[in-house]
There are 2 protein chains.
Amino acid sequence: MATIKDVAERAGVAPSTVSYVLSGSRKISEDTRRAVRAAIDELGYHPRASARTLRSARTDVIALAVPRVPGEYRAVDGRFAIDITDAARGHGYDVLLMTDLDGVGGLRRVARSGLADGAVLMAVEEDDPRIAALRELGFPTALLGHDDHAALPWTDLDWEAAVALAVREAAAAGHRRVVFLASAEHEIDARRGYALRGLDGARQAAAETGTEVRVVESHREPAVLGRRLREALGYPCPSTGSGVPGPRPSAGSSATPSGAPTALVAQHLTLLPHILDAVPGHLAVIPVGSLPDDLGVRNLPRIDLPVAEMSTAVARLAVEAITAAAGPRPAAAGGAAAPGTANAPTGSALTTEPPHHLIPPRMSGPAVAPPRAPKPDSEPEPDSGLEPDP
Amino acid sequence: MATIKDVAERAGVAPSTVSYVLSGSRKISEDTRRAVRAAIDELGYHPRASARTLRSARTDVIALAVPRVPGEYRAVDGRFAIDITDAARGHGYDVLLMTDLDGVGGLRRVARSGLADGAVLMAVEEDDPRIAALRELGFPTALLGHDDHAALPWTDLDWEAAVALAVREAAAAGHRRVVFLASAEHEIDARRGYALRGLDGARQAAAETGTEVRVVESHREPAVLGRRLREALGYPCPSTGSGVPGPRPSAGSSATPSGAPTALVAQHLTLLPHILDAVPGHLAVIPVGSLPDDLGVRNLPRIDLPVAEMSTAVARLAVEAITAAAGPRPAAAGGAAAPGTANAPTGSALTTEPPHHLIPPRMSGPAVAPPRAPKPDSEPEPDSGLEPDP
DNA sequence: CTGTTAGCGCGTTCAC
DNA sequence: GTGAACGCGCTAACAG
């Protein structure tokens, strides 16, 4: 492993000269520069990252905290990880992938050991413990997911607008009765932002368009979800008289059983393949928050999760947070402070609102089909074959 | 940010003592150790990774090279990335995610700057340029994917055995005519290992069981794939008389059109949702290399890609390669060598075979159904509803 | 201006 | 248990 000294020797100059050639932070004569460059190439020299970091206190690395539920795997997480890495590279940063099986432990370790300059937190929840930990450490952080009261930059799809848009599109296509498959019950109970906002969007669009929107809280158990869905669709499951107050599947408006719904707006997509299998072919299905290029939904009208835009945005926000934290250091800081004094708003002016990036929803795929009568068991799904997407 | 000196001062000892307490590489009296630990806790001290690396030449970071085709995204890649990161953490390593849009550039940069101790290469191809680059740099590397002649450790699913097993299962269930949807044409033309081995497995099982196996080379274009598939299945697409020598969909055995196939073994799964939509319900479909927990295939007999096992294995191989490269350094190396001298087998004995880990395939899901007559347009897919997987 | 010298950043490790 | 050298690159101050 060649060092800067080897290069200097070979080029017949001082190590500092090599450094200046590399950083360009000073003018070096053409001759010298050529000699140095030649030596660098011949030796295959590359500055040691650790040495550079030791001096500059910059790693050019961003830690990416991927949410992790032990047994499960969410396809969207891997996708974001890769897209964010691409985006970060565009800013000159590498990405350290943190799988937070250990909770905040990993992030804290990376922050305190100076392995990274900042972090991106995926799938942020209300009162996320990771946020508190990182703020306490004064670690520059950007969030992938809505965050109203933690004072950190974030980006997110506008879930409220997204669900509202889907319902409006259904209404515009002539659907008068729509089922909204909301997030899973446990997500709603945990008051997850996207879950609540989705519900708001549905209610709002229902009121606005006069459409009847039946809200079904989803469930991680396929069987439970299926039961609720069939009931809301006015399906087989006939008994269990209305005298029994089934608590969960609550009707959005006053429950007037005015006929079977003709459209399904679905925000909870984990079980989408099953849903599509179980649901009658004539039902118009509109997924909200689907993955771009997901072949399972390509021929449905839908609102894709803007993965690329969110990734680009969150990478940019993280870089800005890092730069901002590093920049405002005109005078050298005083002596070593007691532990945990880094929370005060050290910004120049009054505490600036952290930036955020709320992404408006966009419809993709074919137009929403108008309501169709439930022809029992005849034509198999049209146009779902092996034709390329128009 | 507290340093080791701060800790030493507070504990009333020398910095070296603190270091020894931390590393445990030397005996320290109980009293001193307690004092040091107290000081560490009070100051919230954590050693700076860059300083440690600068001395020890170890980063405890593994670079993970994720394959990247500009426009596309493969769900399996993100999944491996996350699983490998989990596995690496189990060995005390962090993972730097490298999206190789820049080809070998990124890896070379990381290796030469000492940002990582070693690398894991995903989706290795024959004569992968990344392998050559990393070998030249003497960078410890493990491969996710078969690799017969690059002398590097690797792990992979036994694709040959997998396809053979799927065909044998079909045969055992009574299917006499099977279609094998091989890898995509361009993958076969590029002589990708898994593609060729899959073909071998199909041929082998065909010969062994006496089953007629029609091989269809897949295609990235859904339309092309659909055409080939329908033709092989003895489907609509009737014209284009056999006089025209359609080059691609070649028959496995001597082409005796002895009736419609009743089973489909599919190795090319990118377009699987489309395929399942387009194929008649009575056809037994057996995906090979599907993602575990993929809801789209949960009710099919299949051979899952052993993502967890492969991830664990490749992480272990990488760690072993790193350890091996760091260990055998009894005497200090001579002076600075000319660039590119690191290829010689520096092992102790004669060049040891690099270890590998070939994973035998296993069937998942329900048993393969026996052949069924093509009842045109009647019962919709059985058992594909919203019931939990048994 | 262009190039050099020197000290720093921080933890590790060998010799006393 | 301690002192000091060391790993490597950056950069302020200084010399030509």
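A, B, ... follow the sequence lines: proteins, then strands. Residue 1 opens every chain.
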K.L.:
Quick one: A/Leu115 CG to C/dG11 P, roughly how many Å, whole number?
P.N.:
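Result: 13 Å.
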K.L.:
Which residue in the set B/Leu143, B/Leu152, B/Asp128, B/Leu121 passes side-chain contact (heavy atoms from CB on, under 4.5 Å) when paired with B/Leu134?
P.N.:
B/Leu121
K.L.:
Please tabulate, for side-chain N and O atoms in residues 82-89 of chain B, each donor-acceptor pair with protein atoms closer than 3.5 Å (sequence neighbours left out).
P.N.:
{"unit_1": "B/Asp83", "atom_1": "OD1", "unit_2": "A/Arg68", "atom_2": "NH2", "d": "3.2"}
{"unit_1": "B/Thr85", "atom_1": "OG1", "unit_2": "B/Ala81", "atom_2": "O", "d": "2.7"}
{"unit_1": "B/Asp86", "atom_1": "OD1", "unit_2": "A/Thr99", "atom_2": "OG1", "d": "3.2"}
{"unit_1": "B/Asp86", "atom_1": "OD2", "unit_2": "A/Arg68", "atom_2": "NE", "d": "2.8"}
{"unit_1": "B/Asp86", "atom_1": "OD2", "unit_2": "A/Arg68", "atom_2": "NH2", "d": "2.9"}

K.L.:
Does B/Arg58 pair with B/Asp60 as a salt bridge, N-O distance under 4.0 Å?
P.N.:
yes
K.L.:
Using a cut-off of 4.0 Å between protein heavy atoms and nucleotide atoms, how would you tag nucleotides 8-16 of chain D 5' to 3' with B, S and -?
P.N.:
BBBBBB---
K.L.:
Which residue pairs pass the salt bridge (Lys or Arg N to Asp or Glu O under 4.0 Å) test with at least one member in residues 308-319 of chain A, sequence neighbours excluded?
P.N.:
A/Arg316-A/Glu320
K.L.:
In whole angstrom, what separates A/Glu30's CD from C/dC1's P?
P.N.:
17 Å
K.L.:
Within the 4.0 Å heavy-atom criterion, would you say B/Ser29 contacts the bases, only the backbone, or no part of the nucleic acid?
P.N.:
sugar-phosphate
K.L.:
Just by distance, with hydrogens left out, do B/Thr53 and B/Ser50 show a side-chain donor and acceptor under 3.5 Å apart?
P.N.:
no
